[in-house]
Chemist: 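Below: one structure in structure tokens.
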Amino acid sequence: MLFRVLHYFLPLLLVSLLSQAALAADQIIWGKHHVPPYMIREGALANQGIFDLTLNVLKDHLPQYEHMELAAPFPRVISEIKRGSHWCYIGTLKTPEREGDGYFSLPTSIFLPLRIIVRRDRVAQFQGPQSLQALLRNRQLVTSVMRNRSYSPTVDRLLAAYPPKEFYSEQAEAISMLLAGRLDYMIELPLLASDQARLMGHPGELVAIPTQEADEVVFNRVMCPKNEWGRKVIAQVNIVLNENRDKPYYRSIVEKWHDPASVAEIRKIYDTVFLKTP
């Protein structure tokens with residue numbers, strides 16, 4: 001009797017396990033966190049961020065995968081990708097160090113230059129353009145940087161040479177500390193900093209100051225793990241990007257939430273640099 005039961009149920013169990021394995025292999029977990037206006041996880045504008053909308057393009061054109069969005073701090077997302085999990089992230093900068101941990105897509109969107117962000121009532125202390133190197137060397141001034149984040153090639157080199165003592169995992173946490181006076185300045189994207197302050201009820205209280213060293217425009221990309229699964233996903237993501245990035249609707253996503261001057265800067269480099277960068 002036991003033999004007949006096993007003979008009947010074992011094939012069904014095997015089929016079930018194989019089906020679950022196939023499903024897991026075809027699922028992409030997209031790590032997401034609340035970093036408006038790039039990723040908006042809360043409120044009336046939820047899922048209307050630049051990264052949210054570019055991810056929607058990929059999901060719509062990759063129906064062969066089950067797409068699961070999972071809220072997680074950025075350091076955890078990078079950790080999962082390094083482990084080889086079936087996680088991907090849209091909005092990562094490609095660096096030589098990260099290329100050892102993952103595969104990267106073509107550029108998906110644009111970060112205009114980073115700035116020194118300070119409270120408006122302290123602008124006189126930070127007349128610009130500021131030397132970021134001098135600020136980092138001044139241990140009387142307190143700043144904080146995100147764990148595992150790449151800012152730009154120049155800024156990353158300066159942070160490696162003069163590492164801050166403070167680290168954070170969520171931008172809202174750091175912006176709150178800056179507004180409260182617990183940080184003297186931040187290195188951040190003006191669009192991100194101003195929008196976070198607005199959402200916290202402090203519109204117009206932060207000012208962006210140019211730096212002497214870092215005026216780089218950098219591009220965001222999809223990052224997936226450095227294994228055969230990740231290589232295949234990135235290859236398919238690149239097909240979607242090549243077919244859609246030059247279309248008006250995609251251009252409007254990249255420009256979304258930027259002020260007119262920033263939109264003009266994006267348009268200057270979109271065809272000549274952004275679309276031609278491998």
Side-chain angles (χ1 to χ4, degrees), residues 33-39 73-79 82 89 91-101 104 109-197 200 202 204-221 223 262 265:
H33 54 110
H34 188 58
V35 52
Y38 296 97
M39 283 184 180
F74 182 71
R76 190 210 164 178
V77 176
I78 295 298
S79 177
K82 286 182 176 181
Y89 182 78
T92 322
L93 302 189
K94 183 169 73 171
T95 68
E97 179 184 21
R98 284 183 179 166
E99 285 188 281
D101 298 317
F104 288 83
S109 56
I110 297 172
F111 275 163
L112 294 177
L114 291 155
R115 295 288 186 250
I116 302 300
I117 308 297
V118 301
R119 289 191 343 190
R120 186 171 295 278
D121 60 1
R122 296 188 63 181
V123 166
Q125 185 181 349
F126 295 89
Q127 292 297 326
Q130 281 283 311
S131 166
L132 180 55
Q133 181 179 17
L135 289 176
L136 291 170
R137 291 177 64 180
N138 184 348
R139 309 308 281 184
Q140 301 302 311
L141 296 174
V142 180
T143 189
S144 182
V145 295
M146 177 178 269
R147 293 181 182 88
N148 297 331
R149 177 180 175 183
S150 176
Y151 285 79
S152 74
T154 298
V155 172
D156 288 349
R157 285 193 294 270
L158 289 171
L159 290 174
Y162 310 100
K165 296 180 181 179
E166 302 287 336
F167 294 88
Y168 63 89
S169 297
E170 298 283 354
Q171 271 92 354
E173 169 192 350
I175 296 294
S176 178
M177 292 174 67
L178 180 64
L179 289 166
R182 294 168 59 194
L183 298 178
D184 296 299
Y185 69 93
M186 285 182 62
I187 307 161
E188 194 49 272
L189 301 163
L191 178 61
L192 187 155
S194 62
D195 201 63
Q196 285 277 11
M200 293 176 178
H202 299 273
E205 291 190 23
L206 298 181
V207 177
I209 299 170
T211 69
Q212 294 177 6
E213 301 94 341
D215 201 32
E216 300 154 307
V217 174
V218 293
F219 302 136
N220 309 294
R221 303 167 187 262
M223 180 183 181
S262 298
E265 290 299 311

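Owing to the predicted nature of the structure, the values given are computational and were not obtained by experimental measurement. The figures that follow rest on heavy atoms only: side chains count, while hydrogens, waters and symmetry mates do not.
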Chemist: When rounded to the nearest 0.5 angstrom, what is the spacing between OH in Tyr168 and CG in Leu183?
Modeler: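 Spacing of OH (Tyr168) from CG (Leu183) equals 9.0 Å.
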Chemist: Does Ser144 have any side-chain hydrogen bond (donor to acceptor under 3.5 Å, both in side chains) partners at least two apart in sequence or in another chain, and if so, which?
Modeler: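 None.
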Chemist: Measuring from atom CD of Glu166 to atom CE of Met177, what distance do you get when rounded to the nearest 0.5 angstrom?
Modeler: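 Reported value, rounded in 0.5 Å steps: 5.5 Å.
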Chemist: Roughly how far, to the nearest 0.5 Å, is CD1 of Ile209 from CG of Leu132?
Modeler: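 Output value for this atom pair is 12.0 Å.
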Chemist: Who are the side-chain hydrogen bond (donor to acceptor under 3.5 Å, both in side chains) partners of Glu99, not counting sequence neighbours?
Modeler: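 None.
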Chemist: Determine the minimum heavy-atom distance between Leu189 and Tyr38, stating which atoms define it.
Modeler: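 The pair with the smallest heavy-atom distance is CD1-OH, 3.8 Å.
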Chemist: In Å, rounded to the nearest 0.5 Å, how long is the span from CG of Asn220 to OG of Ser109?
Modeler: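 Spacing of CG (Asn220) from OG (Ser109) equals 3.5 Å.
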Chemist: Looking at Ser176 and Ala172, would you say the former's side chain and the latter's main chain have a donor-acceptor pair under 3.5 Å?
Modeler: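 No; judged by distance alone, with no hydrogens or angles, the pair does not exist.
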Chemist: Which pair of heavy atoms, one from Val35 and one from Gln196, lies closest together, and at what distance?
Modeler: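 Closest approach of Val35 to Gln196, heavy atoms only: CA-NE2, 4.0 Å.
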Chemist: The criterion is side-chain contact (heavy atoms from CB on, under 4.5 Å); which residues satisfy it with Asp195, sequence neighbours excluded?
Modeler: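 With neighbours one apart ignored, the set is Pro36, Pro37, Arg198, Leu199.
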Chemist: Nearest 0.5 angstrom please: Asp101 CG to Ile78 CD1, how far?
Modeler: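 That separation rounds to 8.5 Å.
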Chemist: Under the rule for side-chain contact (heavy atoms from CB on, under 4.5 Å), what residues qualify as partners of Ala134, not counting sequence neighbours?
Modeler: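 Once residues adjacent in sequence are excluded, the partners of Ala134 under the side-chain contact (heavy atoms from CB on, under 4.5 Å) criterion are Ser131.
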Chemist: Sequence neighbours left out, what passes side-chain hydrogen bond (donor to acceptor under 3.5 Å, both in side chains) with His202? Give chain and number order.
Modeler: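 Glu205.
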Chemist: Tell me, please, which residues at least two apart from Tyr89 pass ring-ring contact (aromatic ring centres under 6.0 Å, His included).
Modeler: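 Scan of Tyr89 (ring-ring contact (aromatic ring centres under 6.0 Å, His included), adjacent residues dropped) gives His33, Phe74.
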Chemist: Taking C-beta and beyond as the side chain, do Val77 and Met223 meet within less than 4.5 Å on heavy atoms?
Modeler: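 Sidechains of Met223 and Val77: no contact.
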Chemist: Is there a side-chain contact between Thr211 and Pro129, using heavy atoms and a 4.5 Å cut-off?
Modeler: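 Sidechains of Pro129 and Thr211: no contact.
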Chemist: Which pairs count as side chain to side chain donor-acceptor pair (under 3.5 Å) when at least one residue sits in residues 133-143, sequence neighbours excluded?
Modeler: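 Pairs touching residues 133-143 that pass the test: Gln133-Tyr162.
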Chemist: Report all side-chain donor-acceptor pairs from residues 110-121 shorter than 3.5 Å, counting only partners two or more places apart or in another chain.
Modeler:
unit_1	atom_1	unit_2	atom_2	d
Arg115	NH1	Asp215	OD1	3.3
Arg119	NE	Asp121	OD1	3.2
Arg119	NH1	Leu179	O	3.0
Arg119	NH2	Asp121	OD2	2.9
Arg120	NE	Gly204	O	2.7
Arg120	NH2	Gly204	O	3.3

Chemist: Return a table of donor-acceptor pairs under 3.5 angstrom between the side chains of residues 150-158 and protein atoms on other chains or two or more places apart.
Modeler:
unit_1	atom_1	unit_2	atom_2	d
Ser150	OG	Asp156	OD2	2.5
Tyr151	OH	Met146	N	2.9
Ser152	OG	Val155	N	3.3
Ser152	OG	Glu216	OE1	2.7
Thr154	OG1	Arg157	NH2	3.4
Thr154	OG1	Glu216	OE1	3.4
Thr154	OG1	Glu216	OE2	2.9
Asp156	OD1	Tyr151	N	2.8

Chemist: Holding to side-chain hydrogen bond (donor to acceptor under 3.5 Å, both in side chains), I want the full list of residues that pass it with Thr95, two or more places apart in sequence or in another chain.
Modeler: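 Partners of Thr95 under the side-chain hydrogen bond (donor to acceptor under 3.5 Å, both in side chains) test: none.
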Chemist: Indicate the atoms forming the closest heavy-atom contact of Glu170 with Pro73, along with that distance.
Modeler: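 The answer is OE2-CA, 3.6 Å.
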Chemist: Please report the shortest heavy-atom distance between Ala197 and Leu206, naming the atom on each side.
Modeler: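 The pair with the smallest heavy-atom distance is CB-CD1, 3.8 Å.
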Chemist: Restricting to pairs with a member in residues 123-132, which pass salt bridge (Lys or Arg N to Asp or Glu O under 4.0 Å), not counting sequence neighbours?
Modeler: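 Found none.
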Chemist: At what distance, to the nearest 0.5 angstrom, does CG of Leu141 lie from CD of Gln125?
Modeler: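 If I round to the nearest 0.5 Å, the distance is 6.0 Å.
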Chemist: Going by salt bridge (Lys or Arg N to Asp or Glu O under 4.0 Å), name the pairs with one or both residues in residues 171-188, residues two or more places apart or in two chains.
Modeler: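 As it turns out, the salt bridge (Lys or Arg N to Asp or Glu O under 4.0 Å) pairs with a partner in residues 171-188, which skip direct neighbours, are Arg122-Asp184, Arg149-Glu188.
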Chemist: Can a side-chain donor-acceptor contact be found between Arg221 and Thr92 if the only test is distance below 3.5 angstrom?
Modeler: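 No pair is found: no donor N or O on one side chain lies under 3.5 Å from an acceptor on the other.
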Chemist: Determine whether Leu159 and Pro164 make a side-chain contact, defined as any pair of heavy atoms from C-beta on separated by less than 4.5 Å.
Modeler: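 Side-chain contact under 4.5 Å: yes.
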